[in-house]
Amino acid sequence: MPASCNPTSAANRAVALLLCALLAFACVPAAPGAAQAADMDASERFAAPSEASTPVGESLHNSEAASTESNASNAGDQNTATSDGETNGAQTVRVGWLLNNQDFQSGMPGEYQSGWGYEYLQTLSYYAPAWNYEYVPGTFTELMDKLEAGEIDLMPNISYTPERAEKLLYSTNAQGTEHYYIYAKPSNDALTQGDPAALNGMTIGCNSGVMQTEAGMQWLSDEGVTCNYKFYSTGNELFDALSNDEVDAIIMNDTMSSEDAQPVFSVGESNYFLVTPKSRPDLMSQINAAMTSISAANPRYNDEVRTRYSVGNGGASALTNAEHS
């Protein structure tokens with residue numbers, strides 16, 4: 001059979017021609033316009049945002065900005081003080097700040113403040129319904145006068161007397177218990193022997209108009225001691241007078257301490273409370289609730305805070321001259 005008539009050879013040539021035709025078609029270049037249209041189509045679908053759209057980041061930023069502006073506007077509305085003394089939705093509470101009472105209320109309003117009395121007030125405000133404190137500095141006598149006149153709203157650490165109860169509201173529960181002592185220098189061996197008669201003829205410093213002075217004077221009278229009294233305005237002044245040998249001893253409670261002062265005679269004690277003017281039963285209700293919450297969380301909270309500010313923990317002030325040597 002001639003080769004041209006071979007059916008196998010004819011089939012192979014047909015397949016080869018078909019393959020050549022397919023390859024020729026694939027190699028024909030696409031029209032430039034079509035290629036650009038295809039590229040733009042892909043770009044529009046996957047890359048380029050339209051002019052009217054907003055990127056996701058800007059959208060979130062704009063949303064947050066609008067929210068912030070709205071909040072600022074609302075805050076501005078709330079910043080307007082009301083006749084009830086409320087600002088920013090919070091109640092302003094004017095608190096007496098005792099001058100020169102280291103450990104209890106240290107520092108000055110507007111500056112760095114500390115002390116166990118300060119810490120207790122901060123904790124109280126945590127449990128109270130939105131309080132803002134405004135601290136009003138003054139001596140004890142000045143602040144008690146302001147409290148009775150309604151010029152301040154709150155005083156901490158106030159002992160109970162029937163006379164005060166006629167003009168002030170006391171918290172239902174005591175804030176704590178304070179002890180009254182006669183303090184002397186640890187180097188004063190005459191007073192560290194425990195004999196009250198050694199106080200005869202000595203000069204004793206004290207504050208006027210406070211419970212510890214009344215208790216101390218009564219104790220000295222009961223012990224038959226005759227002495228001279230020198231009065232000072234603040235607790236710090238008392239301890240400074242003892243350190244500088246202006247007095248031989250001082251009468252003071254245990255809300256403050258000093259490395260130069262050692263308690264030598266216990267002359268009394270009393271519970272102390274938070275107090276408000278008679279015109280603020282609403283505030284006292286909030287105080288009672290907050291104090292109850294503090295006690296429920298930690299019944300010993302007040303004592304623990306006081307201990308952190310006591311310099312007596314080191315024990316140095318309890319040593320006599322003989323013990324030092």
Side-chain angles (χ1 to χ4, degrees), residues 95-122 133 135-147 152 154-159 175-188 191 202-217 227-270 272 302 305-318:
V95 183
W97 185 264
L98 281 172
L99 292 172
N100 298 316
N101 271 264
Q102 195 73 19
D103 299 336
F104 175 61
Q105 290 178 329
S106 302
M108 284 291 289
E111 303 173 359
Y112 178 78
Q113 294 171 271
S114 63
W116 66 264
Y118 174 77
E119 284 198 24
Y120 187 91
L121 287 171
Q122 295 302 304
Y133 285 137
Y135 292 103
V136 180
T139 65
F140 182 82
T141 302
E142 291 171 345
L143 293 175
M144 289 299 288
D145 288 343
K146 287 179 181 292
L147 187 69
I152 59 175
L154 172 61
M155 276 284 285
N157 197 33
I158 302 300
S159 300
Q175 184 183 352
T177 301
E178 63 182 11
H179 302 271
Y180 308 141
Y181 296 99
I182 292 176
Y183 290 85
K185 276 188 170 182
S187 58
N188 190 334
L191 294 182
M202 289 189 173
T203 299
I204 298 179
C206 52
N207 297 136
S208 60
V210 294
M211 286 292 296
Q212 62 263 26
T213 297
E214 293 180 15
M217 287 181 170
C227 57
N228 303 309
Y229 295 104
K230 191 171 183 178
F231 291 90
Y232 295 87
S233 298
T234 68
N236 277 6
E237 290 179 0
L238 269 184
F239 282 106
D240 288 344
L242 182 62
S243 296
N244 298 330
D245 296 319
E246 296 176 19
V247 295
D248 301 298
I250 61 173
I251 302 172
M252 187 58 186
N253 58 36
D254 60 348
T255 61
M256 299 175 61
S257 57
S258 168
E259 293 179 351
D260 285 337
Q262 173 183 331
V264 290
F265 300 106
S266 175
V267 298
E269 66 179 29
S270 70
Y272 56 91
N302 191 62
V305 172
R306 287 183 61 174
T307 300
R308 289 204 299 271
Y309 285 88
S310 173
V311 301
N313 289 332
S317 61

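Numbers for residues simply follow the sequence, beginning at 1.
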Does any non-hydrogen side-chain atom of [Y] lie less than 4.5 Å from one of [X]?
X	Y	result
Pro137	Tyr135	no
Ile158	Met144	yes
Phe104	Pro156	yes
Val210	Phe140	yes
Arg308	Val305	yes
Leu154	Leu121	yes
Phe231	Cys206	yes

Using only atom types and a distance under 3.5 Å, with no angle test, would you say the side chain of [X] pairs donor to acceptor with the backbone of [Y]?
X	Y	value
Trp97	Tyr118	no
Gln105	Leu98	yes
Ser106	Gly115	no
Gln113	Gly107	no

Heavy-atom pair of closest approach, residues [X] and [Y]:
X	Y	value
Tyr180	Ala215	CD1-CB, 3.7 Å
Gly216	Val267	CA-CG2, 3.8 Å
Ile182	Ile251	CG1-CG1, 4.1 Å
Ser266	Tyr181	CA-CD2, 3.8 Å
Leu242	Lys185	O-CE, 3.2 Å
Cys227	Ile204	SG-CD1, 3.7 Å

Spatial distance of atom [atom1] ([X]) from atom [atom2] ([Y]) [nearest 0.5 Å]:
X	Y	atom1	atom2	answer
Tyr272	Ser270	OH	OG	9.5 Å
Leu143	Leu99	CG	CG	7.0 Å
Asn253	His179	CG	NE2	10.5 Å
Asn207	Thr213	CG	OG1	5.5 Å
Gln262	Ser187	CD	OG	9.5 Å
Thr234	Asp240	OG1	CG	7.5 Å

What verdict does the side chain to side chain contact (heavy atoms under 4.5 Å, CB included) test give for Thr307 and Trp116, after you've listed the backbone C-alpha separation in whole Å, the side-chain angles of each residue and the deciding distance to 0.1 Å?
CA-CA 8 Å; Thr307 300; Trp116 66 264; over 6 Å; no
Please determine, by modelled atom types, if Glu246 and Tyr232 share a side-chain donor-acceptor pair under 3.5 angstrom.
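Result is yes, a qualifying pair exists.
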Side-chain donor-acceptor contact under 3.5 Å, Thr177 with Glu269
no
side-chain contact (heavy atoms from CB on, under 4.5 Å), paired with Phe239, selected from Ile250, Asn244, Asp260:
Ile250
Could you give me the CA-CA distance, side-chain angles and deciding distance for Tyr183 and Asp254, then say whether side chain to side chain contact (heavy atoms under 4.5 Å, CB included) is met?
CA-CA 10 Å; Tyr183 290 85; Asp254 60 348; 4.0 Å; yes
Of Gln212, Glu214, Glu178, the one forming a side chain to side chain donor-acceptor pair (under 3.5 Å) with Ser159 is Glu178
